[in-house]
Amino acid sequence: MTTVEVAEDFAQDAHLFAELLRGGGPVRRARMPRGLGCYIVTDFAQARALLADSRLRKDSLQAHALFESKLPSGATTQGGFEDSLGRHMLNMDPPDHSRLRKLVNKAFTGRTVARLRPRIEKITAELLDALAGRERADLLPSFAAPLPITVICELLGVAAEDRTEFADWSKTLLSSSEPEDAQAAAQNMFGYLTGLIAQKRAEPAEDLLSDLVHASDDGDSLSEPELVSMAFLLLVAGHETTVNLIANSVLALLREPEQLALLRDDPALLPNAVEEFLRFDGPIHLATLRFTVEPVEAGGVTIPEGEFVLISLLGANRDEARYAEPDKLDITRAAGGHLAFGHGIHYCVGAPLARLEAEIALGGLIARFPDLALDAKPDELAYRPSSLIHGLESLPVRLR
């Protein structure tokens with residue numbers, strides 16, 4: 001099988017990238033820009049099956065050792081990040097994953113999240129009030145970003161004055177192409193979270209992080225490294241996904257005026273529309289890293305033991321074998337069953353919160369600014385240089 005050499009700027013047209021890969025088969029061997037050899041999966045059926053396949057593992061320590069074994073002679077990895085922030089449930093396999101997930105599941109059930117609706121609506125209204133009277137704005141820093149970062153920080157108990165700095169560290173970690181910058185951001189975040197956990201231990205408050213610090217379920221609790229990594233995961237994943245879900249959804253609507261008019265005229269379509277936005281242009285590009293522990297047959301290809309597998313959630317959700325006219329935005333389609341939040345035991349624990357925030361944010365924005373329009377040509381918009389996050393660098397709009 002020919003190895004596909006992935007271009008440095010592939011994230012700038014992630015859907016075309018996935019389509020071109022799928023044209024050569026559902027499972028392709030590839031080499032990523034930083035030299036990682038892997039297999040990329042782009043069709044829905046294979047992606048869904050592999051996301052739930054126990055022969056694909058996620059343990060960060062094993063993954064790091066495997067990655068080092070594949071490096072050219074003399075090359076080194078970034079180092080340090082896996083130990084300080086990477087030992088969270090997204091990078092673990094059962095039974096460790098099961099134990100950690102059990103401790104946080106109840107905080108993100110649909111019923112628990114529904115109680116946050118009044119607060120999310122209030123934050124949304126305040127952000128829209130701040131935009132009132134302006135003719136133009138960049139919706140990323142003024143609306144799409146501050147809403148979810150405020151919600152998750154309030155939920156976990158992060159002080160308001162620390163949120164901007166934390167969001168900057170998060171963006172650097174997930175998008176920076178400079179290893180030194182990412183390492184510095186990781187160290188800053190580790191130091192901050194370590195101090196925050198010490199504060200919650202000494203002076204617990206009514207927030208999720210205090211609950212986790214003092215949690216005990218069947219005699220189990222989180223160790224200090226697990227607490228730091230869990231706080232990192234919940235804070236970063238808790239806002240990054242929703243920031244880009246909101247921004248990508250707004251862009252999709254602005255590029256399809258008929259769909260925008262349909263949603264404006266019938267707000268009852270919002271919950272279904274959010275599912276279509278997740279399918280059509282979700283916030284995650286390639287799912288987090290997995291590796292095989294035995295040979296795996298997928299899409300007519302045998303993936304050997306000890307190989308990394310990247311699953312394209314964007315590609316799977318635009319597979320014409322699963323969705324008719326997949327490149328068409330249709331907020332009335334039955335988009336359920338998409339893979340934007342993953343599948344299997346690592347399905348996004350924060351999915352109910354992301355859905356609720358997107359529904360409230362989009363409904364509020366459309367109602368407040370009925371003449372909302374894109375203030376740039378679509379081909380002028382740039383995407384963050386990340387293989388994980390599918391998100392815009394900016395979203396300039398005309399408000400009226």
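From a predicted model like this one, the values you see are computed outputs, not experimental measurements.
Contact detail for Pro204 and Arg201: the closest heavy-atom pair is CD-O, 4.0 Å. Taking each heavy atom of Leu100 and His88 in turn, the nearest pair found is CD1-C, 4.4 Å.
Atoms CZ and CZ, on Arg55 and Arg57 in that order, are 10.5 Å from each other to the nearest 0.5 Å. Atom OG1 of Thr109 sits about 11.0 Å away from atom CG of Leu353, to the nearest 0.5 Å. Atom CG in Leu313 sits 6.5 Å away from atom CG in Asn317 (nearest 0.5 Å).
The residues Arg99 and Glu226 are annotated as salt-bridged, a charged nitrogen and a carboxylate oxygen being separated by less than 4.0 angstrom. Ion pair Asp129/Arg368 flagged as a salt bridge, since at least one NZ, NE, NH1 or NH2 atom sits closer than 4.0 Å to an Asp/Glu carboxylate oxygen. Salt bridge status for Arg119 with Glu154: present, with a side-chain N to carboxylate O gap under 4.0 Å. At a threshold of 4.0 Å, the pair Asp59-Arg87 counts as salt-bridged, since one of the basic side-chain nitrogens sits closer than that to a carboxylate oxygen. The pair Asp371-Arg400 does not meet the salt-bridge criterion, since no charged nitrogen lies less than 4.0 angstrom from a carboxylate oxygen. The pair Asp43-Arg22 does not meet the salt-bridge criterion, since no charged nitrogen lies less than 4.0 angstrom from a carboxylate oxygen. For Lys200 and Asp207, the salt-bridge test passes: some basic side-chain N is under 4.0 Å from an acidic carboxylate O. Salt bridge status for Arg333 with Glu276: present, with a side-chain N to carboxylate O gap under 4.0 Å. Salt-bridge check for Glu359 with Arg355: failed, with every basic side-chain N at 4.0 Å or more from each acidic carboxylate O.
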Before you tell me yes or no, could you show the steps for Asn244 and His390 under side-chain hydrogen bond (donor to acceptor under 3.5 Å, both in side chains), namely the whole-Å CA-CA distance, both residues' side-chain angles and the distance that decides it to 0.1 Å? CA-CA 7 Å; Asn244 298 300; His390 176 58; over 6 Å; no
Apply side-chain hydrogen bond (donor to acceptor under 3.5 Å, both in side chains) to residues Glu307 and Thr292 and explain how you reach the verdict. CA-CA 5 Å; Glu307 292 290 342; Thr292 55; over 6 Å; no
Evaluate side-chain contact (heavy atoms from CB on, under 4.5 Å) for Leu388 paired with His285, printing each intermediate quantity in order. CA-CA 5 Å; Leu388 174 65; His285 183 186; over 6 Å; no
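In this structure a side-chain-to-backbone donor-acceptor pair under 3.5 Å is present from Arg101 to Ile345. Side chain of Arg290 to main chain of Phe308: no donor-acceptor pair is present (N/O by atom type, distance under 3.5 Å, no hydrogens or angles). Asn91 places a side-chain N or O within donor-acceptor distance of the main-chain N or O of Gly86, the cut-off being under 3.5 Å. The main-chain N or O of Gly315 is never found under 3.5 Å from a side-chain atom of Asp319 such that the two would form a donor-acceptor pair.
Summarising the local packing, CD of Glu380 is surrounded by more than 12 heavy atoms from other residues, nucleotides or ligands at distances under 6.0 Å. Applying the 6.0 Å contact sphere to CD of Glu320 captures no more than 12 heavy atoms from other residues, nucleotides or ligands. Applying the 6.0 Å contact sphere to CD of Glu5 captures more than 12 heavy atoms from other residues, nucleotides or ligands. Surrounding CD of Glu161 are more than 12 heavy atoms belonging to other residues, nucleotides or ligands, all under 6.0 Å away.
Cation-pi geometry between Arg279 and Tyr323 is satisfied (NZ or CZ under 6.0 Å from the ring centre, within 45° of the ring normal). Cation-pi geometry between Arg318 and Phe280 is met: the NZ or CZ atom falls under 6.0 Å from the ring centre, inside 45° of the normal.
Side-chain contact, His15 with Asp327: no donor N or O sits under 3.5 Å from an acceptor N or O.
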